[in-house]
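First comes the structure, then the notes that go with it.
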Amino acid sequence: MAVTVDEVRAHALALPRTHEALVRDRVKFRVGRIVYVAFSRDETVMGFAYPKEERAALVASQPEKFAMPAPRDERFNWVRVRLAAIDAEEMREIVTEAWRMVVPVRVATEHLGDTSAGAVEAPAVETPAVEDPAVETPAVEASAVEAPAVATPAVAAPTTEAPAVEAPTFADLRETADVFNGFTGVDRSWLALRERTRPALDPARADHRDALLRWLNSWGCRIRYPREGEPAPFDTGLAGWWATWSDALPHGTLAGLDDAAVAAFGRAYGDLVTLPVTTGRSVRSLGPTAAAKALYALRPEAIMAWDAAIAERLHGTRDAAAFTRHLALGRDWARAVLAETGATEAALPGLVGRADVPLSKVLDEFLYVRLSMRSPTS
């Protein structure tokens with residue numbers, strides 16, 4: 001069921017210094033004169049404050065849910081979401097983090113400390129939002145909402161199950177590439193991460209952990225950036241996880257993985273998915289989608305990541321055993337398309353038109369187009 005303006009109103013007006021305004025038949029929520037949430041006239045789309053340097057990747061990651069602002073508002077920290085594509089929990093996260101962008105740090109810290117808002121995970125920035133944004137209805141479709149983090153059982157050896165989609169052909173991957181290349185700036189944040197972490201992402205380094213956090217948030221994970229003096233559970237947890245896995249995490253490419261490497265990645269994922277990213281009474285873990293993306297950032301040639309829709313449609317769950325099966329499936333698909341084309345794993349992305357990403361990402365994009373973009377309304 002779509003989130004309503006009344007639900008947003010109830011949450012927004014509980015946030016300190018917020019007041020409601022009606023401007024040209026559009027409901028808006030402000031702190032002082034700064035708007036941080038506004039609705040389209042038909043109340044199906046919500047614009048909200050969001051860091052403009054990260055929104056292109058957010059929209060590209062879930063174009064059926066998010067949309068860029070109207071051209072006249074692109075200079076502002078602003079993005080839009082279709083209300084039918086989110087649930088009440090995600091709405092509260094979005095609205096709270098938009099509010100955080102426009103109030104003093106002290107106000108946000110006091111309020112969130114009082115309410116122990118552990119579920120608030122969106123990036124917070126110091127720059128203001130907008131004075132009076134226009135909100136128009138984007139032509140987007142609804143999508144499934146991310147499921148909460150799940151407990152991780154022991155990882156079994158890879159098994160083969162009938163997939164929800166057929167193995168992709170070279171023609172299928174070229175079609176997918178055309179879709180992704182149509183998203184403005186789709187690879188910008190990935191290339192920026194690679195540049196900041198050359199020659200390879202090293203979670204032993206604090207600056208690399210920060211770069212990974214910003215990349216994950218740019219792709220919609222919405223992990224809270226800690227304020228000065230606050231605990232940083234993502235940073236400390238990732239450093240601890242890497243101390244355990246730095247020597248044990250396999251290398252290689254997706255098509256070249258053997259069963260032992262696939263199973264090792266599954267165990268690493270199982271440990272990573274439970275990594276705390278909040279503190280307080282309500283503690284949230286990194287979760288299945290962010291864990292898969294973080295592993296991809298660490299081993300891009302080897303990891304075919306997933307999101308909630310892909311995992312549920314293919315495997316029915318998002319635990320470590322399912323992720324192990326997911327990698328085994330990706331390996332089989334990679335080998336099949338390489339056999340079809342006779343190309344090398346390094347060359348094939350360029351042949352389909354996605355030269356800036358590895359084959360593992362090309363296969364993930366195929367699944368995203370086939371499954372995530374066609375998910376039913378939540």
Should [X] and [Y] count as side-chain neighbours, where that means a heavy-atom distance under 4.5 Å?
{"X": "Tyr269", "Y": "Thr324", "value": "no"}
{"X": "Tyr50", "Y": "Phe66", "value": "no"}
{"X": "Val337", "Y": "Pro168", "value": "no"}
{"X": "Leu359", "Y": "Leu338", "value": "yes"}
{"X": "Val362", "Y": "Phe180", "value": "no"}
{"X": "Thr44", "Y": "Leu83", "value": "no"}
{"X": "Gln62", "Y": "Val81", "value": "no"}
{"X": "Lys52", "Y": "Glu74", "value": "no"}

**OP:** Could you tell me whether Trp78 and Tyr36 have their ring centroids closer than 6.0 angstrom?
**Re:** no
Subject >> Test salt bridge (charged side-chain N to carboxylate O under 4.0 Å, His left out) applied to Asp210 and Arg214, step by step >> reply: CA-CA 6 Å; Asp210 179 71; Arg214 293 183 181 281; 3.2 Å; yes
Original post:
According to the interplanar angle, ranging from 0 to 90°, do the rings of Phe29 and Phe39 count as parallel (below 30°), tilted (30 to 60°) or perpendicular (above 60°)?
Top reply: perpendicular
Original post:
Does a donor on one side chain and an acceptor on the other come within less than 3.5 Å for Thr289 and Arg318?
Top reply: yes
Subject >> Flag for Asp364-Trp306: side-chain donor and acceptor within less than 3.5 Å >> reply: no
Do the side chain of [X] and the main chain of [Y] share a donor and acceptor less than 3.5 angstrom apart?
{"X": "Glu312", "Y": "Ala309", "value": "no"}
{"X": "Arg209", "Y": "Pro203", "value": "yes"}
{"X": "Trp245", "Y": "Asp271", "value": "no"}
{"X": "Arg41", "Y": "Arg24", "value": "yes"}
{"X": "Thr169", "Y": "Asp172", "value": "yes"}
{"X": "Arg82", "Y": "Val45", "value": "no"}
{"X": "Lys28", "Y": "Val23", "value": "no"}
{"X": "Arg80", "Y": "Met68", "value": "yes"}
{"X": "Asn77", "Y": "Ala49", "value": "no"}

Salt bridge check, [Y] against [X]: does any charged N sit closer than 4.0 Å to a carboxylate O?
{"X": "Arg9", "Y": "Asp6", "value": "yes"}
{"X": "Arg331", "Y": "Asp258", "value": "no"}
{"X": "Arg92", "Y": "Glu89", "value": "no"}

Original post:
Is Asp247 atom CG crowded by more than 12 heavy atoms from other residues, nucleotides or ligands, each under 6.0 Å away?
Top reply: no
Original post:
Within a radius of less than 6.0 Å around CZ of Arg196, do more than 12 heavy atoms belonging to other residues, nucleotides or ligands occur?
Top reply: yes
Measure the spacing between [atom1] of [X] and [atom2] of [Y] and express it to the nearest 0.5 Å.
{"X": "Thr96", "Y": "Met101", "atom1": "OG1", "atom2": "CE", "value": "13.5 Å"}
{"X": "Asn217", "Y": "Leu58", "atom1": "CG", "atom2": "CG", "value": "9.5 Å"}
{"X": "Asp202", "Y": "Leu298", "atom1": "CG", "atom2": "CG", "value": "9.0 Å"}
{"X": "His208", "Y": "Leu238", "atom1": "NE2", "atom2": "CG", "value": "12.0 Å"}

**OP:** Give the intermediate values and the outcome of side-chain contact (heavy atoms from CB on, under 4.5 Å) for residues Ile310 and His315.
**Re:** CA-CA 8 Å; Ile310 292 169; His315 309 290; 5.9 Å; no
**OP:** Test side-chain contact (heavy atoms from CB on, under 4.5 Å) on Leu367 and Met304 and set out the steps.
**Re:** CA-CA 10 Å; Leu367 286 171; Met304 183 174 75; 4.0 Å; yes
Original post:
Taking only residues two or more places apart in sequence or in another chain, which ones pass salt bridge (charged side-chain N to carboxylate O under 4.0 Å, His left out) with Arg299?
Top reply: none
**OP:** Mind checking salt bridge (charged side-chain N to carboxylate O under 4.0 Å, His left out) for Lys361 and listing every partner two or more places apart, or none if nothing turns up?
**Re:** Glu365
Subject >> From Pro300, Pro358, Ser360, residue fulfilling side-chain contact (heavy atoms from CB on, under 4.5 Å) relative to Leu254 >> reply: Ser360
What's the shortest heavy-atom distance between [X] and [Y], and which atoms?
{"X": "Ala297", "Y": "Trp215", "answer": "CB-CZ3, 3.9 Å"}
{"X": "Phe170", "Y": "Val352", "answer": "CE1-CG1, 3.4 Å"}
{"X": "Ala264", "Y": "Pro250", "answer": "CB-CG, 3.7 Å"}
{"X": "Pro349", "Y": "Val357", "answer": "CB-O, 3.2 Å"}

Original post:
Sequence neighbours excluded, which residues qualify as ring-ring contact (aromatic ring centres under 6.0 Å, His included) partners of Trp242?
Top reply: none
**OP:** Under the side chain to side chain contact (heavy atoms under 4.5 Å, CB included) rule, collect the residues that match up with Ala14, sequence neighbours excluded.
**Re:** none
Original post:
Mind checking what makes side chain to side chain contact (heavy atoms under 4.5 Å, CB included) contact with Asp356, not counting sequence neighbours?
Top reply: Asp187, Leu191
**OP:** Dump the intermediate steps for side-chain contact (heavy atoms from CB on, under 4.5 Å) on Phe48 and Val95, then the final yes or no.
**Re:** CA-CA 7 Å; Phe48 60 96; Val95 171; over 6 Å; no
Subject >> salt bridge (Lys or Arg N to Asp or Glu O under 4.0 Å): pairs with one or both residues in residues 339-351, sequence neighbours excluded >> reply: none
**OP:** Test side-chain contact (heavy atoms from CB on, under 4.5 Å) on Leu371 and Phe366 and set out the steps.
**Re:** CA-CA 8 Å; Leu371 299 180; Phe366 163 76; over 6 Å; no
